[in-house]
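Structure first, commentary second.
Start at 1 with the first residue, then count along the sequence. Side-chain atoms are counted along with the backbone in the values below, which use heavy atoms only and exclude waters and symmetry mates.
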Amino acid sequence: MKKMTKRQKNVWIALIALILLVIVLAAAALFKWLAPSNVQSDKNQWFKLESGQVAILADDTLLEERGLTIEGQTYVPAAVASDYMDQRVFVDLTENILSYATKEGVIQVKADSKKYSIGKESAETEQPILRKQEDGMYVSLAFLSEHAPCYLKEYKNPSRLVIMSDKEKTYTFATLTEATRVRTGPGKKYPYMVEVAEGKRVIVETGTKQENEYMAVTTEDGITGYIPIDRAEGKKEGKWEIKKSLESFEQKSLGKTVCLGWHQMTNEASSTTVYSGLSQATGLNVISPTFFALSDNKGNFTSFANTNYVNEAHAAGVQVWGLINDFKDGLKLERILGTTSTRTKLVNALVGTAIQYDLDGINIDFEKITVQSAPAYLEFLRELSLKCHINDLIVSVDNYTPASYNSHYDLAEQGRIVDYVILMAYDEHYNGSEESGSVSSLGFVKKGTASVLAKVSKERVITALPFYTGIWKEVKGKKPIRTAYGMSGAESVIRSHDVTAKWDETTGQYYAQYKENGATYKVWLEEETSLKKKLEAVMKKDIAGVAFWKLGFERAATWTMIAGELKK
């Protein structure tokens, strides 16, 4: 065999070295292609935080609003505090005052002050509970941590606050099978934000599409990103465990089944003597005269309250719960109830008047509450209830049948603070409805009562039923017009037209119809038989009692029937 020359050896060595270099480079390229990224993303950039800001994640959603770090303390925007953390945080933006109602009293503090009051006592904090900034009001996280009925935890690097407050929201949880990096995108080549230890729980973002065998998750400390699908096990639906709840105020109860009748009065003369039919109203134990009405936007109200009226009722063994309404045109409830000094004036004046006339309670009949005025309305009810209880007064509140358009009345919160939540289970069809119909069908009453009981404990629920009947006039091409009649009056109208009412199983009422002068008249009678069926239905629910609108539209036989039903 011919021996290699020196030159040939060098060529072979160079060739082998080149091949090895190619292999090394290829291996490096392959490794780079296969290996996951080790670059850690700047989480501050991810949350887009500026100096002194705190990111807020509420119920697994990153909010646009930011908290602030002021003098080493974290503060949360007031709107975020009330919307996501504690609905009892009420901030008056006119007088810059925070009010927070507790069973022990109302905490009130002015913006940027370290002093605060609770009831008649005063105290001081190291840092202000409420701060006013150029972009709005901010509430101390330390204060919220003490009171708010939600889960909240603060994290650093980056500064962020995790809030979980929706007790009904369902999440998909999973447990990590090994330590896993949460990446900024669905793949191993994306930078990672954080590494989560084996056994830790994550929330699976089911609304985000899975890609490249990666899925979106959120860690318990509020970092949202992607992990390999095979790193999560034991997926299951569940709710976030929130240990704290809004406290309920102690109920001041009548101590027996409530049977209330509203007594409408239109002038001062009508309020000098108690309802004339009281002697035949067997079973009635509470009368609610329409004594008061809001009169302006400064917290004033008109009053028909009369000592003789109250004395006569008490002599008959009947309590008096004075009613106040908001029916006057031009009232701005957001201003009246939302301004601290005006709200306080109204509360004090109502309670003072109730004490002056020896009333036993106050009945709130505010029917013009809007979404905007609702938070102030609820704060008014809290403060009124606390003040009334100190003075041995009962608070009851009238409410429409629950529906999506009036959900801001918040029956659940009312049921935690007032003594009685009254369902006005009538005006199913009202003057202005598109079609004629029953004022209060049996099904309407059952459904309404069940809806209230889903939010309020039965010990605080009163169902109000009608003593009146609507006679509808229908003319082709026009909206029907309803005229209200008492029981006997409606029956007299039917008899005068030689019509016999027939029982209607659908509504649980007698129905009649007749024609006159080109118009069709339709009547769903409210009388003892229909009323008895409604009473039987609601009292089976073991609720606190019943109420009736209005006194004077019933008859002696009505009370005999009511008394019999309430004794069962």
(message) Given 3.5 Å as the limit, does a donor-acceptor pair link the side chain of Q40 with the main chain of M193, or not?
(response) yes
(request) Taking the six-membered ring for Trp and the single ring otherwise, decide whether the centroids of Y214 and Y190 are under 6.0 Å apart. (result) no
(request) Count the heavy atoms belonging to other residues, nucleotides or ligands that lie under 6.0 Å from CD of E195, then report whether that count exceeds 12. (result) yes
(message) Which residue is it: T370, N297, L294? I am looking for the one with a side-chain contact (heavy atoms from CB on, under 4.5 Å) to L333.
(response) L294
(message) Please tell me whether Y151 and W240 form a close aromatic pair, meaning their ring centres lie under 6.0 Å apart.
(response) yes
(request) Please state whether the rings of H147 and Y100 are parallel, tilted or perpendicular, taking 30° and 60° as the class boundaries. (result) tilted
(message) Check this for me: K244, atom NZ, are more than 12 non-hydrogen atoms of other residues, nucleotides or ligands nearer than 6.0 Å?
(response) yes
(request) Compute the centroid of each ring, for F301 and then for F292, and state whether the two points are separated by less than 6.0 Å. (result) yes
(message) For H389 and F249, I'd like to know if the aromatic rings sit close, meaning centre-to-centre distance below 6.0 Å.
(response) no
(request) Apply side-chain contact (heavy atoms from CB on, under 4.5 Å) to I355 and V351, showing your working. (result) CA-CA 6 Å; I355 294 170; V351 174; 3.9 Å; yes
(message) Under a 3.5 Å cutoff, is there a donor and acceptor pairing between the side chains of S99 and Q108?
(response) yes
(message) With a sphere of 6.0 Å drawn around CD of E124, does it hold more than 12 non-hydrogen atoms of other residues, nucleotides or ligands?
(response) yes
(request) Please determine if E379 and R88 form a salt bridge, counting it only when a charged side-chain N lies under 4.0 Å from a carboxylate O. (result) no
(request) State yes or no: are the ring centers of Y309 and H263 separated by less than 6.0 Å? (result) yes
(request) State which residue, out of K200, R201, R160, fulfils the salt bridge (Lys or Arg N to Asp or Glu O under 4.0 Å) condition with D221. (result) R160
(message) Counting only heavy atoms from other residues, nucleotides and ligands, does the tally under 6.0 Å from NZ of K132 exceed 12?
(response) no
(message) Looking only at the side chains, is there a donor atom on one of T218 and E205 sitting less than 3.5 Å from an acceptor on the other?
(response) yes
(message) A quick test of your reading: do over 12 heavy atoms of other residues, nucleotides or ligands sit less than 6.0 Å from OH of Y138?
(response) yes
(request) Could you check whether the rings of Y420 and W321 sit parallel, tilted or perpendicular, using 30° and 60° as the cut-offs? (result) parallel
(request) Taking D360 for its side chain and V320 for its backbone only, find out whether a donor-acceptor pair lies under 3.5 Å. (result) yes
(message) Taking the basic N atoms (NZ, or NE/NH1/NH2) and the acidic carboxylate oxygens, is any pair closer than 4.0 Å for E71 and R131?
(response) yes
(request) Run the salt-bridge test on D542 and K458 with the 4.0 Å N-O cut-off and return the result as yes or no. (result) yes
(request) Please check if atom NZ in K332 has more than 12 non-hydrogen atoms from other residues, nucleotides or ligands closer than 6.0 Å. (result) no
(request) For residues Y357 and F291, establish whether the separation of their ring centroids is below 6.0 Å. (result) no
(message) Can you tell whether the side chains of K103 and E250 come within less than 4.0 Å, N to carboxylate O?
(response) no
(request) List in chain and number order the residues that pass ring pair (Phe, Tyr, Trp, His ring centres under 6.0 Å) with Y226, two or more places apart in sequence or in another chain; answer none if no residue qualifies. (result) none
(message) Can you confirm whether Q319 sits close enough to L254 that some side-chain heavy atom of one is under 4.5 Å from a side-chain heavy atom of the other?
(response) yes
(message) Just so I know, are the side chains of K368 and D329 near enough to count as touching, which here means a heavy-atom distance under 4.5 Å?
(response) yes
(message) Any non-hydrogen side-chain atom of R66 less than 4.5 Å from a side-chain atom of E64?
(response) no
(message) Is it true that, when you exclude K447 itself, more than 12 heavy atoms of the residues, nucleotides or ligands shown sit nearer than 6.0 Å to its NZ?
(response) no
(message) Salt bridge check, D410 against K455: does any charged N sit closer than 4.0 Å to a carboxylate O?
(response) no
(request) With V421 as reference, evaluate V397, I462, L411 under the side-chain contact (heavy atoms from CB on, under 4.5 Å) test and give the passing residue. (result) L411
(message) Between K235 and E237, does any side-chain N to carboxylate O distance fall below 4.0 Å?
(response) no
